[in-house]
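Just below is one structure, and these are the notes that go with it.
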Amino acid sequence: MLSLTSTGTELRRFRHGALPRIAVAAMLLIPLLYGALYLWAFWDPTGNLDKLPVALVNADRAATADGRSIDAGADVSAELLASGDLDWVVTDADDAATGVSDGTYYFALTIPADFSTQIASAGGDDPAAAELMVTYNDANSFLASTLGKSAMAQVRTAVSDSVSEQAVDTVLVGLGSARDGFAEASDGALTLTAASGQLADGATQVADGSGALADGAASAAAGASTLAAGAGDLADGATAAAAGSSKLAAGASSAATGSAQLATGAATAASGAATLSTGATAVADGTATAASSSAQLATGATQVAGGVDETVASVGALAGKLPALSAGLTSIGQYLGAQASAGDVTAAALLTGLQTATAALPDADALATMQADLATLDAGANDVATGATALSTGLDPLVAGTREVATGADALATGTSALSTGAGTLATGTSALSTGASTLAAGNGVLAAGAGQVFAGAGQLADGTGTLAAGSTTLADGAGQVADGVGQVGGGTQTLADALRSGADQIPADSAAQQTQRASVLSSPVSIDSTDSAQAEGFGEGFAPFFIPLALFVGALITWLLLRPVPPRALGTPASGWRTALAGYLPALAIGVGQVAIMLAVIHVGLGLQLASVAGTIAFTLLIVAAFLALQQMLNAVFGPAAGKVMILALLMLQLASSGGTYPVETTPAFFQVIHPLLPMSYAVSGLREVITGGIDARLWTAVAYLAVLLAVSLALTAWRAGRMRTWTLGRLHPVLEI
């Protein structure tokens with residue numbers, strides 16, 4: 001009743017001193033430590049497998065299949081490293097073997113040297129599954145090996161998928177492609193054969209057509225040359241025609257002008273012809289009149305001639321008488337002179353008159369001249385008479401002629417009138433001719449330009465047809481070569497057929513057994529050949545190295561709950577601290593030996609645990625229990641029974657999480673990896689794995705050394721504490737914390 005009304009009566013004992021308060025805190029935190037630490041340590045071990053060191057040895061040598069290099073080992077290594085599922089450490093075979101043995105690597109994966117060769121064999125005559133070699137060591141960690149086997153199964157599946165893909169790609173796809181290729185090649189060969197025949201016919205036709213085209217092109221080239229020459233001549237002619245047309249136009253214009261003038265002249269001529277006609281009529285009339293007058297003239301001329309003849313005769317006679325006249329005048333003159341000289345004025349005037357008259361008389365020469373002139377006159381008068389007669393006679397034809405002239409003048413007037421009309425028409429025509437000639441000149445210019453273009457085009461045509469002729473010749477040659485090539489194609493198709501047959505022969509003709517073998521390889525191209533250097537029989541044996549130390553640690557805890565770590569009776573004697581410590585330790589060790597004997601016997605006989613080394617297991621287990629008892633004795637002695645047990649429980653929790661007894665310590669958080677090498681259960685687990693599953697190495701001796709040192713140090717500290725405990729203090733009489 002008092003305890004119900006007085007709160008904290010039991011806990012009141014824990015109010016004084018730091019250690020009781022720590023004990024209360026420990027009581028509060030122990031479940032948390034156990035649950036939280038354990039859950040924390042093993043929260044996601046499989047998710048941290050990428051921290052599990054595993055050796056990867058790639059001894060593969062690349063192989064060749066169907067001319068293609070296969071380096072499957074490198075591909076698998078690259079995929080494993082890229083996956084990051086485990087902490088792959090690429091190393092060689094020796095290091096891997098040593099590492100697996102000494103625990104550096106939990107296990108090792110080896111890609112053998114013939115891995116690629118085995119992959120390539122899937123398409124050969126003797127297909128074989130490629131193997132991956134795995135080496136486990138349960139002494140490292142049974143659960144690690146278990147996880148490793150599980151991981152290897154996933155690796156095998158992944159590699160098989162990859163390799164299967166390569167194998168199928170190498171074999172089935174290749175065979176399918178080859179089959180399809182052969183079918184397509186067969187169809188192609190048939191098509192090629194038919195096409196080669198068509199190509200041969202076509203090539204022949206092309207060759208023939210090319211020859212004809214070459215001939216035609218040559219003819220066309222010659223015609224084009226002729227056309228070019230003709231076009232040149234046409235251009236020259238057109239140019240000349242243009243020039244002539246220009247001249248014609250100018251001439252036509254002049255002709256037009258002349259025609260107009262001709263028309264005017266013709267009109268004038270017509271008028272003149274009319275006048276001429278009138279004149280001719282008048283001339284005819286006059287001629288007729290002249291004819292009649294000439295007859296009269298002839299008559300008169302005859303009469304003149306007769307008169308002249310008579311005159312001549314008279315003059316002759318007179319001239320014969322003139323000397324006598326002259327002599328008589330001279331005598332008269334002389335007389336008159338003599339009278340005039342005598343003063344006779346009349347005689348003088350007569351003399352003057354006589355002299356003047358005498359001076360007027362012709363002298364002999366003048367007289368002769370006169371006679372000659374008279375003779376001439378006489379002859380002329382005779383000629384005139386003769387001519388007048390002849391004129392009279394000749395005027396008759398002249399009259400007739402003048403009549404004809406008058407008639408012709410009339411006709412001329414009529415003709416000139418017609419000529420005037422025609423000249424007008426001619427003027428009009430020549431004007432039109434001038435216009436047409438101008439048009440013709442312009443047309444000839446255009447014709448000349450066109451002829452020049454025709455000449456240029458004909459030249460180009462000649463060149464083109466020449467090129468065409470050359471190309472046609474080349475085409476003919478090429479067609480001939482094509483025709484020859486078609487023959488070669490025929491030979492090639494035969495070669496193709498032979499090659500197809502050869503390729504078909506290269507496709508494996510598997511027997512039923514080989515097909516079964518190949519199917520087996522393709523379905524499972526990769527297998528894993530595992531080797532256990534130290535193999536556990538099962539989970540029990542795998543976890544025994546963890547639960548045995550755990551049981552011994554708990555057993556030591558229970559032992560020290562019942563036994564006093566430092567016997568009070570021994571403290572009351574003068575025995576040394578060592579003896580005091582051993583006085584408390586040895587009974588506990590005796591119980592511990594009993595615990596080991598009972599536990600190992602039950603585990604071995606009852607559970608069937610097989611021990612790789614019975615003696616080693618027993619000895620090492622005894623060392624474990626000895627070390628645990630000494631450690632817990634020391635904690636109880638140094639820190640007191642209550643605080644010591646709390647520390648033992650806390651240490652137990654830490655060891656459960658960090659010893660690596662279940663999952664590899666690499667899969668736990670970093671905190672546990674740090675304390676792992678500091679706590680004794682880590683070495684107890686490691687040593688028991690080797691003595692139970694085999695594969696003893698340095699780790700066992702390390703564990704032995706650690707536990708031995710722990711045992712000695714713990715006993716020494718306990719002895720030291722026992723020596724100190726001989727002196728009773730108030731704290732010992734009234735400990736602040738008791739259990």
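Everything numeric here is computed off the predicted structure, so don't read it as measured data.
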Quick one: do V691 and V614 satisfy side-chain contact (heavy atoms from CB on, under 4.5 Å)? Show the steps, please.
-> CA-CA 8 Å; V691 295; V614 177; over 6 Å; no
Can you tell me how far CH2 of W578 sits from OG1 of T580, rounded to the nearest 0.5 angstrom?
-> 11.5 Å
State whether the side chain of Q633 and the backbone N or O of P565 hold a donor-acceptor pair below 3.5 Å, judged by distance alone.
-> yes
Is a side-chain N or O of S659 found less than 3.5 angstrom from the main chain of Q655, in a donor-acceptor match?
-> yes
Which atom names give the shortest non-hydrogen contact between T693 and A612, and what distance separates them?
-> C-CB, 3.6 Å
V625 versus G592, closest heavy-atom pair with distance | CG2-CA, 3.7 Å
V134 side chain reached by T110 side chain, heavy atoms, under 4.5 Å = no
Residue pair P680 / L631, side-chain heavy-atom distance below 4.5 Å = yes
Is there a donor-acceptor contact under 3.5 Å from the side chain of T718 to the main chain of A581?
-> no
Checking W88 side chain against A55 main chain: does a donor-acceptor pair fall under 3.5 Å?
-> no
So how far is it from L623 CG to Y706 OH, rounded to the nearest 0.5 Å?
-> 12.0 Å
Reported CG-to-CG distance for the pair L86 and L109, which is rounded to 0.5 angstrom | 9.0 Å
Test side-chain contact (heavy atoms from CB on, under 4.5 Å) on M634 and V638 and set out the steps.
-> CA-CA 6 Å; M634 181 271 293; V638 174; 3.9 Å; yes
On the 0 to 90° scale, with breaks at 30° and 60°, tag the F628-F553 ring pair as parallel, tilted or perpendicular.
-> perpendicular
Does some side-chain heavy atom of V100 sit less than 4.5 Å from a side-chain heavy atom of Y136?
-> no
Which pair of non-hydrogen atoms, one from A556 and one from L629, has the smallest distance, and what is that distance?
-> CB-CD2, 3.5 Å
Less than 4.5 Å apart, any side-chain heavy atom of F620 and any of L707?
-> yes
Taking atom types as modelled and ignoring hydrogens, do the side chains of S682 and H676 form a donor-acceptor contact shorter than 3.5 angstrom?
-> yes
Tell me, do L56 and L81 make a side-chain contact under 4.5 Å, heavy atoms counted?
-> yes
Test item: R699 side-chain N/O and S686 main-chain N/O as donor-acceptor pair under 3.5 Å | no
Answer with yes or no whether the side chains of S714 and Q632 bring together a donor and an acceptor at under 3.5 Å.
-> no
After noting the C-alpha distance and the side-chain angles of Q595 and T559, does the key distance pass the side-chain contact (heavy atoms from CB on, under 4.5 Å) rule?
-> CA-CA 10 Å; Q595 292 173 344; T559 299; 3.3 Å; yes
Could you check if a side-chain atom of N636 sits within less than 4.5 angstrom of a side-chain atom of R564, using non-hydrogen atoms only?
-> no
Please check if the side chain of Q673 supplies one atom and the backbone of T668 the other of a donor-acceptor pair under 3.5 Å.
-> yes
Passing candidate, side chain to side chain contact (heavy atoms under 4.5 Å, CB included) with I548, options I624, I692, V596 = I692
Are S77 and V90 side-chain neighbours, meaning at least one heavy-atom pair lies under 4.5 Å?
-> no
Would you check, one step at a time, whether the test side-chain hydrogen bond (donor to acceptor under 3.5 Å, both in side chains) holds for E690 with S613?
-> CA-CA 9 Å; E690 297 197 1; S613 174; over 6 Å; no
Backbone of L611 reached by a side-chain donor or acceptor of T617 within 3.5 Å = no
With distance as the sole test, does R721 use its side chain to make a donor-acceptor pair with the main-chain N or O of A637 at under 3.5 Å?
-> yes
When Y105 is tested against each of D95, T135, T98 for side-chain hydrogen bond (donor to acceptor under 3.5 Å, both in side chains), which residue passes?
-> D95
Side chain proximity check, D50 to D87, heavy atoms < 4.5 angstrom = no
Tell me, with the steps shown, if L710 and Y683 meet side-chain contact (heavy atoms from CB on, under 4.5 Å).
-> CA-CA 11 Å; L710 177 64; Y683 298 92; over 6 Å; no
